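Working notes for the structure below.
Lettering of chains follows the sequences in order, A, B, ..., and the numbering in each one begins at 1. All figures in this text were calculated on a predicted structure; none of them were measured in a lab.
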Number of protein chains: 2
Amino acid sequence: MWFRVDPRLPTPVYQQVVDGIKEAVAKGLLKPRDRLPAVRELAMLMMLNHNTVAKAYQELERERVIEVIRGRGTYVAAPSLLANRSERIVKMSETIKQLCVEAYYLQMTEDDLLTLFQDLMNEWKREKGRNNT
Amino acid sequence: MWFRVDPRLPTPVYQQVVDGIKEAVAKGLLKPRDRLPAVRELAMLMMLNHNTVAKAYQELERERVIEVIRGRGTYVAAPSLLANRSERIVKMSETIKQLCVEAYYLQMTEDDLLTLFQDLMNEWKREKGRNNT
DNA sequence: CTTGGTGTACTAGTACGAATAGTACACCAA
DNA sequence: TTGGTGTACTATTCGTACTAGTACACCAAG
């Protein structure tokens with residue numbers, strides 16, 4: 001499977017499934033038109049209840065990450081422009097501000113933070129590149 | 001006050017108090033040795049129960065953001081090196097990776113993301129500078 | 001038309017955390 | 001002693017996550 005879930009973590013299990021699949025798609029591990037496992041099948045693999053997986057799939061469909069065709073299955077959606085784009089950018093900005101706050105308490109300078117950011121982004125690009133040849 | 005809380009948001013109220021105070025300290029709005037309001041006083045101002053504020057103060061003390069002196073009050077702590085530093089950097093890295101994922105769905109390039117990051121960091125530095133003259 | 005595999009929609013129940021409310025207590029300075 | 005502090009405890013309400021089980025609607029293939 002493309003990700004792991006851990007019921008002991010504070011983040012809800014269904015959210016971990018959502019995040020895991022979103023990350024796999026963004027990385028290119030899953031490509032548009034790829035088929036995802038059935039809710040009961042993925043639930044079996046991950047030792048979860050099928051309702052938990054179904055909740056994750058519904059959230060992913062709401063975010064237009066996947067497309068559901070009743071009676072056929074679920075598929076990775078083609079990239080599309082999102083209606084709530086600006087709203088989501090505001091949330092990203094909030095997250096970045098929190099990173100600045102956290103850096104303060106770790107006694108990192110702004111340059112330290114920028115370097116960390118660039119390093120991780122390059123690592124991300126490399127990972128993505130490996131799946132997009 | 002240095003921040004706001006909104007019970008309608010999904011993030012717990014006590015966590016909003018924690019984040020708000022941490023941000024005010026990081027920005028220089030609150031400086032080491034500054035005194036914070038008493039739990040019941042802040043609870044009154046924010047329309048919260050005093051137990052909620054107490055929980056926030058306990059969390060802040062655990063993170064060494066403030067110092068509590070029983071019978072006297074709570075004060076902003078002097079900056080100190082934290083024991084769980086590396087653990088917290090791992091969490092920051094996780095957050096940054098999630099930003100990369102989110103950027104993918106917003107059809108932002110890596111350069112777009114880096115620019116956003118730099119812009120917000122500069123804004124943060126400006127805000128901080130205003131309080132540290 | 002039937003079958004089997006899909007996602008979906010319910011209900012019921014358990015568990016946990018957040019938050020409020022109220023009370024009592026321990027500490028310390030004036 | 002007094003008054004202000006943080007702390008500890010119980011009880012209660014509320015919402016969410018999760019499991020479990022069942023039933024249903026849809027669609028392709030036989």
Side-chain angles (χ1 to χ4, degrees), chain A residues 1 3-22 25 30 32-78, chain B residues 1 3-22 25 30 32-78:
Chain A
M1 204 43 51
F3 59 98
R4 301 185 186 286
V5 297
D6 185 348
R8 293 166 304 182
L9 293 178
T11 66
V13 174
Y14 84 91
Q15 188 64 53
Q16 294 182 44
V17 175
V18 169
D19 292 340
I21 291 178
K22 282 176 72 173
V25 172
L30 288 169
R33 311 183 71 88
D34 277 356
R35 189 173 183 280
L36 291 173
V39 283
R40 291 172 184 78
E41 188 182 349
L42 186 55
M44 187 88 83
L45 287 169
M46 304 246 131
M47 310 279 286
L48 304 174
N49 189 275
H50 69 266
N51 290 320
T52 304
V53 178
K55 184 170 183 182
Y57 277 18
Q58 282 166 5
E59 172 66 18
L60 286 166
E61 194 189 21
R62 231 176 40 78
E63 295 189 34
R64 302 197 186 287
V65 176
I66 64 177
E67 276 174 354
V68 169
I69 309 179
R70 282 178 62 132
R72 298 241 347 246
T74 65
Y75 300 85
V76 177
Chain B
M1 201 46 48
F3 60 99
R4 300 185 187 285
V5 297
D6 185 348
R8 291 166 304 180
L9 294 179
T11 67
V13 174
Y14 84 91
Q15 188 65 52
Q16 295 183 42
V17 175
V18 169
D19 293 340
I21 290 178
K22 282 177 71 174
V25 172
L30 287 169
R33 312 185 69 91
D34 277 357
R35 187 172 186 280
L36 292 173
V39 283
R40 289 172 183 79
E41 188 182 347
L42 185 55
M44 187 88 83
L45 287 169
M46 304 247 131
M47 311 278 285
L48 305 174
N49 189 275
H50 68 266
N51 290 319
T52 303
V53 177
K55 184 171 183 180
Y57 277 18
Q58 282 167 4
E59 172 67 18
L60 287 166
E61 194 190 20
R62 233 177 37 78
E63 296 189 32
R64 303 198 185 287
V65 176
I66 64 177
E67 276 173 357
V68 169
I69 309 179
R70 282 178 62 134
R72 296 236 353 241
T74 66
Y75 301 85
V76 177

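Side chains of B:Leu48 and B:Val17 form a contact here, defined as non-hydrogen atoms less than 4.5 Å apart. Counting only heavy atoms from C-beta outward, the side chains of B:Leu30 and B:Leu36 approach each other to under 4.5 Å.
Counting to the nearest Å, the C1' atom of D:dG4 and the OH atom of B:Tyr75 are 11 Å from each other. Distance OH (B:Tyr57) to C1' (D:dG4): 14 Å, rounded to an integer number of Å. Taking atom CD1 of residue A:Ile69 and atom P of nucleotide C:dT8, one finds them 11 Å apart after rounding to whole Å. Distance, B:Gln58 CD to D:dC9 P: 11 Å, rounded to whole Å. Distance A:Glu59 CD to D:dA17 C1': 14 Å, rounded to the nearest Å. A:Leu48 has its CG atom 10 Å from the P atom of D:dA20, to the nearest Å. For A:Glu67 and C:dT8, the CD to C1' distance is 18 Å, given to the nearest whole Å. Regarding B:Arg8, its CZ atom lies at a distance of 15 Å from the P atom of D:dG15, rounded to whole Å.
The phosphate of C:dA19 has neither OP1 nor OP2 within less than 4.0 Å of any side-chain N or O from B:Tyr14. Between A:Arg70 and the phosphate of D:dC24, there is no side-chain N or O to OP1/OP2 separation shorter than 4.0 Å. Regarding contacts with the backbone of D:dA17, every side-chain N or O of A:Gln15 stays at 4.0 angstrom or more from both OP1 and OP2. Note on B:Thr52: a side-chain N or O is less than 4.0 Å away from OP1 or OP2 of C:dT20. Side-chain N/O atoms of B:Lys55 include none lying less than 4.0 angstrom from OP1 or OP2 on C:dA19.
Taking both residues in full, the closest heavy atoms of B:Pro37 and B:Tyr57 are given as O-OH, 2.7 Å, listed atom of the first, atom of the second, then distance. The two residues B:Phe3 and B:Gln16 make their nearest non-hydrogen contact at CD1-O, 4.3 Å.
Remark: B:Met1 CE to B:Ile21 CD1 distance equals 8.5 Å, nearest 0.5 Å.
Under 3.5 Å, the side chain of A:Arg40 and the base of C:dT8 form at least one donor-acceptor pair of N or O atoms. Under 3.5 Å, the side chain of B:Asn51 and the base of C:dA19 form no donor-acceptor pair of N or O atoms.
A residue-by-residue look at A:His50 and A:Val13 shows that A:Val13 has its nearest nucleotide of DNA chain D further toward the 5' end. Both A:Gly71 and A:Pro12 lie near DNA chain D, and the one whose nearest nucleotide falls closer to the 5' end is A:Pro12.
Remark: D:dG6 base-pairs with C:dC25. Criterion, Watson-Crick or G-U wobble with two distances under 3.5 Å. Nucleotide C:dC1 forms a Watson-Crick or G-U wobble pair with D:dG30, both donor-acceptor distances falling under 3.5 Å. D:dA11: Watson-Crick or G-U partner is C:dT20, with both key distances under 3.5 Å.
The side chain of A:Thr74 sits closest to C:dG7 out of D:dG6, D:dA8, C:dG7. Out of D:dT19, C:dC28, C:dT8, the shortest distance to the side chain of A:Asn49 is found at D:dT19.
Annotation for A:Met44: atom CE does not count as buried by contact number, only 12 or fewer foreign heavy atoms lying within 6.0 Å.
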